[in-house]
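Report on the following structure.
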Amino acid sequence: MNTYVKIKGAGALKIKISTLLLFCCFTTNIQAQETIAETGIETQADKDWKELKYVMITYGAVKEKQKMEEGEGALGIKRYYDKYFKKRSELAKAFWYKYPQDPRRIQALKFFFSPYAQPYFVPNKISDSLKAFALTIPKRMKYLRKFYRLMPVDKVAYHQWVKAGDDMVNSILNSDADLKSKVDAEFQLTITRELNLNSRLYFMVQRKEKSEADYWEHFEIQSWKHIRLSLERFVDKYAALESVSSYVKDALGAVINYAPAVSDAYWQYFYEITGSNHPQANQLGIKALHKLAAENVAAIEALKEVDYSKPLDMVFTAIDGSIVDLNTMRGKVVLIDFWAT
């Protein structure tokens with residue numbers, strides 16, 4: 001959802017509020033899901049779907065987590081989340097294969113690629129030295145990040161998970177499915193999965209002080225470069241689809257949560273390459289992306305002009321249609337709630 005507000009001295013500013021489905025969307029098409037309402041009978045598919053939706057938003061009992069943490073410290077916490085992420089992944093894959101004609105299987109595929117169904121691939125066997133070290137880790141993120149970087153990965157389980165995703169998506173791409181289903185599936189495989197994997201690895205990096213800002217900016221751009229290249233290939237492949245711009249928006253809307261400077265740089269990049277010199281400049285998707293990129297570049301530039309040392313001057317239209325001017329509320333406590341469906 002995009003909200004336009006007017007900030008005095010900075011012109012029209014576009015504030016982007018975007019959520020990567022990719023990253024954690026559990027809302028689905030009611031008509032496609034609620035088959036019980038249509039038939040009055042709860043099928044096995046309905047029961048399995050209920051279970052899948054339930055595990056996607058729940059974990060085990062608090063006592064279970066406490067017990068695992070007491071027994072293995074930081075390693076126990078990792079095993080705890082790995083257990084439930086793995087269960088979600090397996091149930092999503094099982095639903096996909098068990099009900100090939102069920103319209104909900106597309107959402108099951110999205111669940112499979114969700115970051116909340118992506119296992120940590122913790123090996124069953126961990127060295128005694130690492131187990132001992134795990135018990136000494138303080139419950140603070142900067143220490144946990146370092147420990148998680150030391151964690152070995154079950155490469156067999158990881159490659160099996162990767163292959164499972166490849167197989168499911170390729171079965172759609174090689175079928176007679178409609179174009180939208182194919183585009184969605186390919187985006188899940190080539191962009192969403194890579195975004196989630198990169199985000200998880202990036203999160204484990206220990207951030208440094210501001211004096212190293214130039215180094216980290218260069219590091220970030222290199223770290224996310226393969227995402228930009230994948231997006232560019234995706235855009236070129238589906239240039240005729242106007243909706244291709246929304247896929248780019250979702251992807252960069254996810255990147256901004258980790259590396260704002262990278263997201264800004266990539267909006268500038270897509271603005272530049274989708275101009276009149278683009279080989280497919282006349283295609284709807286390229287035109288739509290160029291327009292969207294131009295809006296985001298303008299917003300980024302407008303933000304640079306905002307003086308954050310001064311009180312916020314903002315005039316906007318409220319949900320009831322009334323005009324709100326923050327200048328009239330000076331001296332009062334003001335809560336501004338930006339929200340999106």
Side-chain angles (χ1 to χ4, degrees), residues 1-5 7 10-27 110 113-116 118 141 145 187-188 190-208 210 212-235 243-274 285 288-306 308 312 314 316 336-341:
M1 173 177 165
N2 295 323
T3 303
Y4 285 90
V5 298
I7 295 183
L13 173 63
K14 184 178 182 181
I15 297 178
K16 285 174 59 248
I17 306 173
S18 60
T19 302
L20 195 60
L21 75 71
L22 6 126
F23 294 22
C24 46
C25 179
F26 300 123
T27 56
K110 293 179 180 179
F113 284 108
S114 162
Y116 301 106
Q118 178 184 310
M141 187 50 65
R145 281 176 174 168
F187 183 77
Q188 293 293 318
T190 61
I191 310 297
T192 299
R193 183 171 69 182
E194 294 306 308
L195 271 168
N196 293 339
L197 287 170
N198 204 66
S199 299
R200 180 173 287 180
L201 291 172
Y202 186 81
F203 179 73
M204 298 306 169
V205 175
Q206 183 69 47
R207 300 313 305 272
K208 308 299 180 181
K210 292 181 180 180
E212 298 176 324
D214 288 342
Y215 169 82
W216 282 109
E217 183 175 342
H218 179 71
F219 170 83
E220 289 172 342
I221 290 176
Q222 282 299 116
S223 175
W224 296 96
K225 184 178 179 180
H226 70 290
I227 298 296
R228 176 182 65 75
L229 294 173
S230 295
L231 273 174
E232 193 172 346
R233 287 191 291 269
F234 183 84
V235 167
S243 60
V244 76
S245 63
S246 65
Y247 290 100
V248 176
K249 180 184 72 173
D250 284 342
L252 296 188
V255 173
I256 200 173
N257 294 318
Y258 297 90
V262 174
S263 180
D264 291 354
Y266 288 171
W267 275 123
Q268 180 67 40
Y269 177 80
F270 280 110
Y271 171 69
E272 292 172 356
I273 69 165
T274 55
L289 180 54
H290 186 70
K291 181 176 182 295
L292 182 62
E295 292 172 353
N296 278 275
V297 168
I300 291 166
E301 292 303 314
L303 281 172
K304 294 178 181 178
E305 302 300 321
V306 176
Y308 293 100
L312 181 65
M314 181 184 289
F316 59 91
I336 302 177
D337 181 15
F338 291 96
W339 60 277
T341 54

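Predicted model only: the values in this text are computed from it and were never measured.
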Indicate yes or no: at least one non-hydrogen side-chain atom of [X] is less than 4.5 angstrom from one of [Y].
X: Arg233; Y: Thr190; value: no
X: Gln118; Y: Leu197; value: yes
X: Leu231; Y: Phe270; value: yes
X: Tyr266; Y: Lys225; value: yes
X: Tyr308; Y: Leu303; value: yes
X: Phe203; Y: Ser199; value: no

Taking Ile191's backbone N and O only, do any of them form a donor-acceptor pair with Ser230's side chain (distance below 3.5 Å, no angle check)?
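Flag not set: sc Ser230 to bb Ile191 has no pair under 3.5 Å.
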What's the separation between atom [atom1] in [X] and atom [atom2] in [Y], rounded to the nearest 0.5 Å?
X: Ser245; Y: Asp250; atom1: OG; atom2: CG; answer: 9.5 Å
X: Leu195; Y: Tyr202; atom1: CG; atom2: OH; answer: 13.5 Å
X: Glu295; Y: Tyr271; atom1: CD; atom2: OH; answer: 11.5 Å
X: Glu217; Y: Asp264; atom1: CD; atom2: CG; answer: 9.5 Å
X: Ser243; Y: Lys249; atom1: OG; atom2: NZ; answer: 11.5 Å
X: Leu289; Y: Tyr247; atom1: CG; atom2: OH; answer: 13.5 Å

Pair Leu292, Trp267 - check side chain to side chain contact (heavy atoms under 4.5 Å, CB included), show working.
CA-CA 9 Å; Leu292 182 62; Trp267 275 123; 3.7 Å; yes
Atom CZ of residue position Phe234 - does it have more than 12 heavy atoms of other residues, nucleotides or ligands inside 6.0 Å?
yes
Who are the salt bridge (charged side-chain N to carboxylate O under 4.0 Å, His left out) partners of Glu272, not counting sequence neighbours?
none
Aromatic plane relationship, Phe219 with Tyr215 - under 30° parallel, 30 to 60° tilted, over 60° perpendicular:
parallel
From CA spacing to verdict: side chain to side chain contact (heavy atoms under 4.5 Å, CB included), Asn198, His226
CA-CA 10 Å; Asn198 204 66; His226 70 290; 3.3 Å; yes
